[in-house]
Peer 1: 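What follows is a structure written as structure tokens; I'll ask about it next.
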Amino acid sequence: MAIELSEKTIKHEFIEKINELSGQDIFKCFQCGTCGGACPMSAQMETLPRKIMRMLQLGMAERISESETGWECASCHSCSVNCPRGIDLARVMEAVRLMVLRKNINKIEPSRLPAETIRELPQIALVSGFRKMTS
Ligand code: SF4
Ligand code: SF4
């Protein structure tokens with residue numbers, strides 16, 4: 001019983017933190033899937049935005065940490081402008097990234113990027129990308 005309560009507390013704190021960092025109420029999501037339909041990156045995503053929202057509502061912190069979806073999100077805000085519940089999902093994705101980065105987990109290791117990719121990409125895009133997506 002004590003373990004169950006402790007797990008509940010951890011889940012509750014995780015959900016509260018995501019809401020605080022994003023400034024959104026994740027429980028407003030009613031799982032319509034419009035966000036995924038509007039997302040230009042959904043074909044590349046390991047987990048669709050709708051499913052990420054459900055996992056957040058369930059407090060699945062570990063599963064969220066393992067997911068690559070936050071790093072596949074291009075922060076384009078298409079989901080945010082199309083959500084019928086007015087949820088700024090791009091900000092939720094940002095909160096998901098922050099939670100992972102605060103654990104010093106890096107999904108992108110700049111030194112492992114192929115030299116050809118680094119040559120081709122605009123430096124300003126690389127620097128701003130690394131600022132946003134690495135700890
Ligand atoms: S569009 Fe909004 S309400 Fe619909 S699944 Fe996505 S976040 Fe939830
Ligand atoms: S902000 Fe991210 S999740 Fe939302 S539509 Fe753009 S790429 Fe997809």
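Just so you know, ligand 1 is whichever comes first in the structure, and atom 1 is the first atom listed for that ligand. Side-chain atoms are counted along with the backbone in the values below, which use heavy atoms only and exclude waters and symmetry mates.
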Peer 1: Closer than 4.0 Å to some heavy atom of Arg85 - which atoms of ligand 1 meet that?
Peer 2: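 Those of ligand 1 that fall under 4.0 Å from Arg85 are 3 (S).
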Peer 1: At what distance, to the nearest 0.5 angstrom, does OG1 of Thr47 lie from CD1 of Ile52?
Peer 2: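 Answer rounded to 0.5 Å: 5.0 Å.
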Peer 1: Out of curiosity, is Pro49 lining ligand 1, as in a heavy atom under 4.0 Å away?
Peer 2: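 No, that is not the case, since the closest heavy atom of the residue is not under 4.0 Å from the ligand.
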Peer 1: Could you measure the distance from the CG atom of Asn106 to the OG1 atom of Thr134? Nearest 0.5 Å is fine.
Peer 2: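 These two atoms lie 5.5 Å from each other.
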Peer 1: Hey, is atom 8 (Fe) of ligand 2 within less than 2.8 Å of some N/O/S atom on Cys35?
Peer 2: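 It does not: Cys35 brings no N, O or S atom closer than 2.8 Å to atom 8 (Fe) of ligand 2.
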Peer 1: Output yes when a side-chain donor or acceptor of Gln57 lies under 3.5 Å from a complementary backbone atom of Ile26, and no otherwise.
Peer 2: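 Side chain of Gln57 to backbone of Ile26: a pair is present.
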Peer 1: Relative to the heavy atoms of Pro84, which atoms of ligand 1 are at a distance of less than 4.0 Å?
Peer 2: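 In order of numbering, the contacting atoms are 1 (S).
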Peer 1: What do we get for Gln31 next to ligand 1 when only non-hydrogen atoms under 4.0 Å count, side chain, backbone, both or neither?
Peer 2: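 For Gln31, only backbone atoms sit under 4.0 Å from ligand 1.
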Peer 1: Under 4.0 Å from a heavy atom of Ser75: which atoms of ligand 2 are those, numbered in the order shown and with their elements?
Peer 2: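 So the atoms of ligand 2 that pass are 1 (S), 2 (Fe).
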Peer 1: Mind checking the CG-CZ spacing from Leu58 to Phe14? Nearest 0.5 Å is all I need.
Peer 2: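 If we round to the nearest 0.5 Å, Leu58:CG and Phe14:CZ are 10.5 Å apart.
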Peer 1: Note the single closest protein heavy atom to atom 2 (Fe) of ligand 1, along with its residue, its atom name and the distance in Å.
Peer 2: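 Answer, as residue, atom name and distance: Cys83 SG, 2.3 Å.
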Peer 1: How far is atom 4 (Fe) of ligand 1 from the closest protein heavy atom, and which atom is that?
Peer 2: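 For this ligand atom, the closest protein heavy atom is Cys32 SG, 2.3 Å.
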Peer 1: Roughly how far, to the nearest 0.5 Å, is the CZ atom of Arg63 from the CD atom of Glu66?
Peer 2: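 Interatomic distance, Glu66 CD to Arg63 CZ, rounded to 0.5 Å: 6.5 Å.
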Peer 1: Among all the protein's non-hydrogen atoms, which is closest to atom 6 (Fe) of ligand 2, and how far away is it?
Peer 2: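 I find the closest protein heavy atom is Cys76 SG, 2.3 Å.
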Peer 1: I need the atoms of ligand 2 closer than 4.0 Å to a non-hydrogen atom of Cys79, numbered in the order shown.
Peer 2: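 Once the distances to Cys79 are compared, the set is 1 (S), 3 (S), 4 (Fe), 5 (S).
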Peer 1: Would you call Glu20-Lys17 a salt bridge at under 4.0 Å N-O?
Peer 2: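 Answer for the salt bridge query: yes.
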Peer 1: For ligand 2, which atoms sit closer than 4.0 Å to a heavy atom of His77?
Peer 2: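 In order of numbering, the contacting atoms are 1 (S), 6 (Fe).
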Peer 1: Report the nearest protein non-hydrogen atom to atom 8 (Fe) of ligand 2: residue, atom name, distance rounded to 0.1 Å.
Peer 2: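 Nearest neighbour among protein heavy atoms for atom 8 (Fe) of ligand 2, to 0.1 Å: Cys39 SG, 2.3 Å.
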Peer 1: Output yes when Arg119 and Glu116 qualify as a salt bridge under the 4.0 Å nitrogen-oxygen rule, no when they do not.
Peer 2: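 Result for this pair is no, no salt bridge flagged.
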Peer 1: In a check of side chain to side chain contact (heavy atoms under 4.5 Å, CB included) between Pro49 and each of Met45, Met53, Lys51, which one passes?
Peer 2: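 For Pro49, the side chain to side chain contact (heavy atoms under 4.5 Å, CB included) check succeeds only for Met45.
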Peer 1: Considering only heavy atoms of Phe30, which atoms of ligand 1 have at least one such atom less than 4.0 Å away?
Peer 2: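 Contacts of ligand 1 toward Phe30, numbered from 1: 3 (S).
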Peer 1: Of the backbone atoms (N, CA, C, O) and the side-chain heavy atoms from C-beta on, which set of Glu72 has a member under 4.0 Å from an atom of ligand 2: side chain, backbone, both, or neither?
Peer 2: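 Within the 4.0 Å criterion, Glu72 makes no contact with ligand 2.
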Peer 1: Can you name the atoms of ligand 2, numbered from 1 with element, that are less than 4.0 Å from a heavy atom of Ala74?
Peer 2: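 Heavy-atom distances to Ala74 below 4.0 Å select 2 (Fe), 7 (S).
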Peer 1: What's the verdict on side chain to side chain contact (heavy atoms under 4.5 Å, CB included) for Arg91 and Leu21, showing C-alpha distance, side-chain angles and the deciding distance?
Peer 2: CA-CA 8 Å; Arg91 289 185 67 187; Leu21 286 170; over 6 Å; no
Peer 1: Report the C-alpha separation of Ser67 and Glu46 in whole Å, then their side-chain angles, then the decisive distance to 0.1 Å, and conclude whether the side-chain hydrogen bond (donor to acceptor under 3.5 Å, both in side chains) test is met.
Peer 2: CA-CA 7 Å; Ser67 171; Glu46 173 210 30; 3.0 Å; yes
